[in-house]
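Naming: A, B, ... by sequence-line order, numbering from 1 per chain. All values below come from the heavy atoms of this structure, side chains included, with hydrogens, waters and symmetry mates left out.
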Amino acid sequence: MIKSKLLSTIQLPSNTPKSRLAEQTCLTLLHSSHCNTFTKLTQIQTFILKHGLQNNPLILTKFASTSSNINAIHYASSFLFPFDQTTPTQPPSYDAFLFNTVIRAYAQTHDSKSKALFFYRTMVRYGVSPNKFTFPFVLKACAGVGSLRLGKLVHGCVVKFGFEEDLHVFNTMIHMYCCCCEGEEGVEIAEKVFDESTKLDSVTWSAMIGGYVRLGRSARAIGLFREMQVVGVFPDEITMISVLSACADLGALELGKWVESYIERENIHKSVELCNAMIDMFAKCGNVDKAVKLFRQMDSRTIVSWTSVIAGLAMHGRGLEAVSIFHEMVKNGVTPDDVAFIGVLSACSHSGLVDKGRHYFNSMERNFSIVPKIEHYGCMVDLFCRCGFVKEAFEFVQNMPFEPNQIIWRTLITACHAIGELKLGESISKELIKNEPMHESNYVLLSNIYAKLRRWDKKTKVREVMDMRGMKKVPGSTMIEVNNEMHEFVAGDKSHDQYKEIYEMVDEMGKEIKRVGYVPTTSQVLLDIDEEDKEDALYRHSEKLAIAFALLNTPPGTSIRIVKNLRICEDCHSATKFISKVYNREIVVRDRNRFHHFKNGLCSCRDFW
DNA sequence: ATCCTGGCCA
């Protein structure tokens, strides 16, 4: 209000050159207000036109850079470039700085990154040479768009304008190639560029390490971090965030603890983000108590801190604690966002809190004006299915404002499988395969259903179709960290040095647990073989191999932590309960979905997962 | 004279 008055009543003293004073007044205006509403922008635009400042690059640049939301940016750019944007007429006397500002503004948006590239092209067409500040923005926009073709093109421009030696530009280029991974090509180029360069700083290494983590190649990320230390480049907090993220992904608790002490020892700044990454790491590596402790010790927290600890508790099946922290968060005046709701809803789902889940889902829009996304609907479907309310789940899906995605269909199929609605599961699976013929988990679900129906003929047929289409089932594998080393097992694995002892141990385990009531669940075995062989096949599962390995190589009474890449199978779940009792070990299993804490013959998931 | 790089939660 005050500003609009100021604008309309402003008087310029006559003894000063008008334009200079107008320029200063305009700068003050731009400086003092955040020009993110149409009204303010219109007022300033009027002022600019009135005082003939429309060709003043300084004013125009400021005008563009103070626009802090997407509408303001569109507005500012349409003012700066009022011509038909596809066929620009007369090149105005704009400089690189002005273009950089507009390119930056668009590069930072969520859905208009390609406009950044458009303005880069406009800039070049006008004969304005990009400077060293231009390319980091353009490359960032490319990374956001994710098109390798564009990325390569911009790389060419970087070389053409001679900025490939600039470390900022170079680092952003590594980042861009890591983000534009069509297949593996992008990351391969990033590696090549990375390997060929001689001057790398911690940012370059972090970009590459972070790239591997994003692609799920966490072991490679850790390897690269080790190389970084060998070469003698000192990591900073952002490097450590990526490394922690890799530990979280691998479930490498010992390594994660080492990272924690390394941060302490080297006095690396513990930013909120670093603490968040640490919370996430401890939760995903099985020590959720430590995650909660760290969370409690933080003196300032962001929504990410709260969400990390809530999601951490959720995956350990500690739903009530997660819900209570969510409450505490709201009470502390932190407004939950959509991700926080994913956390609290999945907490309800993993702990069977149906009513609470419904309550939070309904409160999203009512109390927080967050429109539930399909992911939130997915959480609800999962919640209903886990509690056995399959009918309600189907009704819920029918009433939701989205077309169900494959994730939701697969949740429903799994539920059908669990409650024995095999015919329904079969028909949905077939439908899914028709729509998404190259997704292997659709075939796996169908083949599981045929196994339960004992229709080996149809099961074999599914297998054949998969082979014909050149697809492979992701092999189940289990990782375990012993003495700071990761060991990975796949079913029937004989590559391990200790494999003979391990198989003997597995046999012994089988005998011991059968004595206290374990019955092998042979219907889980997805092969058409006779019962005795099936039992044998069950004993070769990667989970059991890893547990046997742990029993052989860790002191009695210590807890065992393993990480499985897929969901733990029903038989291994049952067997592990008995093993925890017979061998008096706490066994913590992280599977694709959540954690299972086995202790004294029971599991924290209450056999519901 | 003012504009630059990598990172955390589903």
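Within the nucleic acid shown, A:S308 comes within 4.0 Å of sugar-phosphate atoms alone, with no base atom in reach, counting heavy atoms only. Here A:T239 lies in heavy-atom contact (under 4.0 Å) with a base. Across all strands shown, A:S202 has heavy atoms under 4.0 Å from base atoms, whether or not it also approaches the sugar-phosphate. Using a 4.0 Å heavy-atom cutoff across all strands shown, A:S346 reaches no nucleic acid atom at all. Looking at heavy-atom distances under 4.0 Å, A:D280 makes contact with sugar-phosphate atoms alone, never a base. Nucleic acid contact class of A:F97 (heavy atoms, under 4.0 Å, all strands): base. A:R214 comes within 4.0 angstrom of the backbone, heavy atoms only, and of no base. In this structure, A:D338 reaches neither bases nor backbone, as no heavy-atom distance under 4.0 Å exists between it and the strands shown.
Of the listed nucleotides (B:dT5, B:dC8, B:dC3), B:dC3 has the atom at the smallest distance from the side chain of A:N100. Candidate nucleotides B:dC3, B:dT5, B:dG7 were compared by shortest atom distance to the side chain of A:F137, and B:dC3 ranks first. Of the candidates B:dC9, B:dT5, B:dA10, the closest approach to any side-chain atom of A:T307 belongs to B:dC9. Side-chain proximity of A:A311 to the nucleotides B:dG6, B:dA10, B:dT5 is greatest for B:dA10.
A:F163 does not carry A:K132 over the face of its six-membered ring by the limits of under 6.0 Å from the centre and within 45° of the normal.
The interatomic distance linking A:N171 (CG) with B:dT5 (C1') rounds to 5 Å, in whole Å. Taking atom CG of residue A:N131 and atom P of nucleotide B:dT2, one finds them 12 Å apart after rounding to whole Å. Here the C1' atom of nucleotide B:dG6 and the CE atom of A:M228 are 10 Å apart, to the nearest Å. Protein atom CG of A:L313 is 13 Å distant from nucleotide atom C1' of B:dC9, rounded to whole Å. Distance, A:L274 CG to B:dC9 P: 12 Å, rounded to whole Å. The separation between A:I209 atom CD1 and B:dG6 atom P is 15 Å, rounded to whole Å. Remark: P of B:dG7 and CG of A:L224 are 14 Å apart, rounded to the nearest angstrom. Note: CG (A:D249) to P (B:dA10) measures 11 Å, nearest angstrom.
Within the 4.0 Å cut-off from OP1 or OP2 of B:dT5, at least one side-chain nitrogen or oxygen of A:K140 is found. For A:K284 and B:dA10, the shortest distance from a side-chain N or O to OP1 or OP2 is below 4.0 Å. Contact annotation: A:H175 side-chain N/O to B:dG7 OP1/OP2 distance is under 4.0 Å.
Residues A:S271 and A:H269 bring no donor and acceptor atom of their side chains to less than 3.5 Å of each other. A:D591 and A:H596 share a donor-acceptor pair across their side chains, judged by distance under 3.5 Å alone.
Note: A:F99 and A:Y126 have perpendicular aromatic rings, judged against thresholds of 30 and 60 degrees for the angle between ring planes. Ring geometry, A:F396 versus A:F384: the interplanar angle exceeds 60°, so the pair is classed perpendicular (tilted spans 30 to 60°).
In terms of heavy atoms, A:K257 sits closest to A:M281 at N-CE, 4.4 Å.
Below the 3.5 angstrom threshold, one finds a donor paired with an acceptor across the side chain of A:D236 and the base of B:dG6.
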